[in-house]
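For reference, the structure discussed in these notes is given below.
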Amino acid sequence: MANYRLKTLILFAVIGIWGVVACNNTAPAGKENSIPAKDTSVFVPPDTSTIPHDQFGAMVRYGRDLIVNTAYYIGPNGTVGHYLGNKMNCTNCHVDAGTRPFAFNFFSSHARYPQYRGRENQVLTLGERINNCIMRPHSGTPMPLDSKEIVAMTCYMRWLSAGVAIGQHVKGDEGLELEYPDRAADVQKGATIFAENCASCHGATGQGQWNADSTTYVYPPLWGPWSYQKGSSPSRVLKAARFIKANMPDKKATWDKPFLTDEQAIDVAAFIDDYEIHPRPEKKDKSVADYPDYKMKAIDYDTGPYVDTFSERQHKYGPYKPIIEYHKAHNLPVIF
């Protein structure tokens, strides 16, 4: 009998402990199924003061200097080589040495290469992608992949991507999202927007603004023989518009406080990238077509053939919604 009473007391004690634990672990009212909020903040790159003072750090610093002063080092009159076909710097597009959100930055570049590229229909290394920029926007000649300059720029991008998971994006590393209008881009409206907001820096004829000794640009040319090539990323209307919305006019717009509306950004991009009124360089080797796998073409790429039924003009100027809807309905990639 005594043994039975002991067992009963032990059972009640255990039940009491479970009750205390259960009470102490009860979530506050209304938060029983709460899930920690996903971090949606824009990626913040490391400060240059954290670059190490060793051999790797020296290459990181040189790589950053190459991004900022590209023409000085490897331009037509470069001090270490003559690889560029114009005097633009990488930072003219990859703003603030590739550290500004929504501005063609390098936040996750090192983490996402090697990467398949539809334009070449190949998997490219990061060094090959750097050369790709040298050849296309800069109308230049590729550097040796084992050159000090390619290695240095890769080191800089590796340092900049510290903490980014392999193969992953971070917020701010792509273009700003836009709402696409139900009409085509209006080049004439874009001309007015350009005259009012862009010409003061880039020039009325898009020729850009030289620095004091004309060795490079403060503001790059937006068309003409010394600007970026046809087929390069900024020559696509939507690609350019997403950049413009987040960054232009300079010193007025930021990604979280844009100056232009979505439609205005698209219209001015269409004006800038209208080849009929604004000629620009073309790639040197035309023996290999861009996007040999047609289904991998960006929807705003303006040269057919395509896997859909839309014209070259609609791919370039829109309206874009029918193209997007067609691709989704036919299980085709929607690429920007």
Side-chain angles (χ1 to χ4, degrees), residues 68-72 75-77 84-96 100 102-104 133 136-140 175-176 178 181 183-255 257-282 300 302 313 316-318:
V68 174
N69 301 298
T70 322
Y72 172 79
N77 302 312
L84 305 186
N86 56 43
K87 293 184 178 182
M88 293 192 297
N89 298 310
C90 297
T91 197
N92 290 141
C93 290
H94 307 284
V95 185
D96 297 338
R100 185 186 293 186
F102 303 101
F104 298 147
C133 273
R136 297 305 294 267
H138 290 284
S139 298
L176 200 64
L178 301 175
R183 61 169 177 83
D186 190 320
V187 171
Q188 292 306 312
K189 287 183 178 179
T192 300
I193 295 164
F194 183 88
E196 293 175 349
N197 299 283
C198 314
S200 59
C201 293
H202 294 282
T205 59
Q207 76 274 15
Q209 187 181 132
W210 290 104
N211 65 352
D213 59 5
S214 298
T215 55
T216 190
Y217 296 95
V218 177
Y219 292 99
L222 298 182
W223 60 81
W226 310 116
S227 185
Y228 52 84
Q229 285 188 6
K230 290 182 180 180
S232 60
S233 293
S235 73
R236 291 163 33 206
V237 171
L238 291 185
K239 192 81 169 181
R242 294 169 81 182
F243 174 89
I244 290 168
K245 173 72 184 291
N247 297 283
M248 296 295 137
D250 188 36
K251 298 181 176 62
K252 289 184 179 181
T254 58
W255 71 269
K257 292 182 179 180
F259 187 84
L260 301 177
T261 67
D262 292 3
E263 288 195 11
Q264 287 174 323
I266 292 171
D267 288 342
V268 75
F271 169 72
I272 292 168
D273 286 332
D274 186 336
Y275 303 156
E276 294 179 3
I277 56 176
H278 297 145
R280 62 180 62 257
E282 299 188 35
D300 57 342
D302 60 5
R313 186 168 186 82
K316 183 176 182 74
Y317 296 110

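Each residue takes its place number in the sequence, starting with 1.
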Any His94 side-chain heavy atom under 4.5 Å of Cys133 side chain:
yes
According to ring-ring contact (aromatic ring centres under 6.0 Å, His included), does anything in residues 226-249 pair up with another residue at least two apart or in another chain? List the pairs.
Phe104-Phe243
Side chains of Gln207 and Thr205: donor-acceptor distance under 3.5 Å anywhere?
yes
When you compare the side chain of Ser235 with that of Gln229, does any pair of heavy atoms fall below 4.5 Å?
no
Using the rule side chain to side chain donor-acceptor pair (under 3.5 Å), only one of Asn92, Asn211, Asn89, Thr70 pairs with Thr216; which is it?
Asn89
Qualifying side-chain hydrogen bond (donor to acceptor under 3.5 Å, both in side chains) pairs with a residue from residues 188-203, counting only residues at least two apart or across chains
none
Atom of Pro181, atom of Ile266 and distance for their closest heavy-atom approach:
CD-CD1, 3.6 Å
What are the two closest non-hydrogen atoms of Val237 and Asp300, and how far apart are they?
N-OD2, 3.7 Å
Taking salt bridge (charged side-chain N to carboxylate O under 4.0 Å, His left out) as the definition, give me every residue that meets it alongside Asp186, ordered by chain and number, with sequence neighbours left out.
none
With the side chain counted from C-beta on, respond yes when Val187 and Tyr317 share a heavy-atom pair under 4.5 Å apart, and no when they do not.
yes
Identify the two heavy atoms, one from Pro281 and one from Gly224, that lie closest to each other, and give their separation to 0.1 Å.
CD-O, 3.2 Å
Considering all heavy atoms, the nearest Ser227-Pro221 contact:
OG-O, 2.9 Å
Distance, nearest 0.5 Å, that separates CG of Leu260 from SG of Cys198:
7.0 Å
Show the nearest heavy-atom pair for residues Pro76 and Gly85, with the distance to one decimal.
CG-C, 4.3 Å
Please find the pair of heavy atoms, one from Phe194 and one from Leu222, that lie closest to each other, and give the distance.
CE1-CD1, 3.7 Å
Are the charged groups of Arg280 and Asp273 less than 4.0 angstrom apart, N to O?
yes
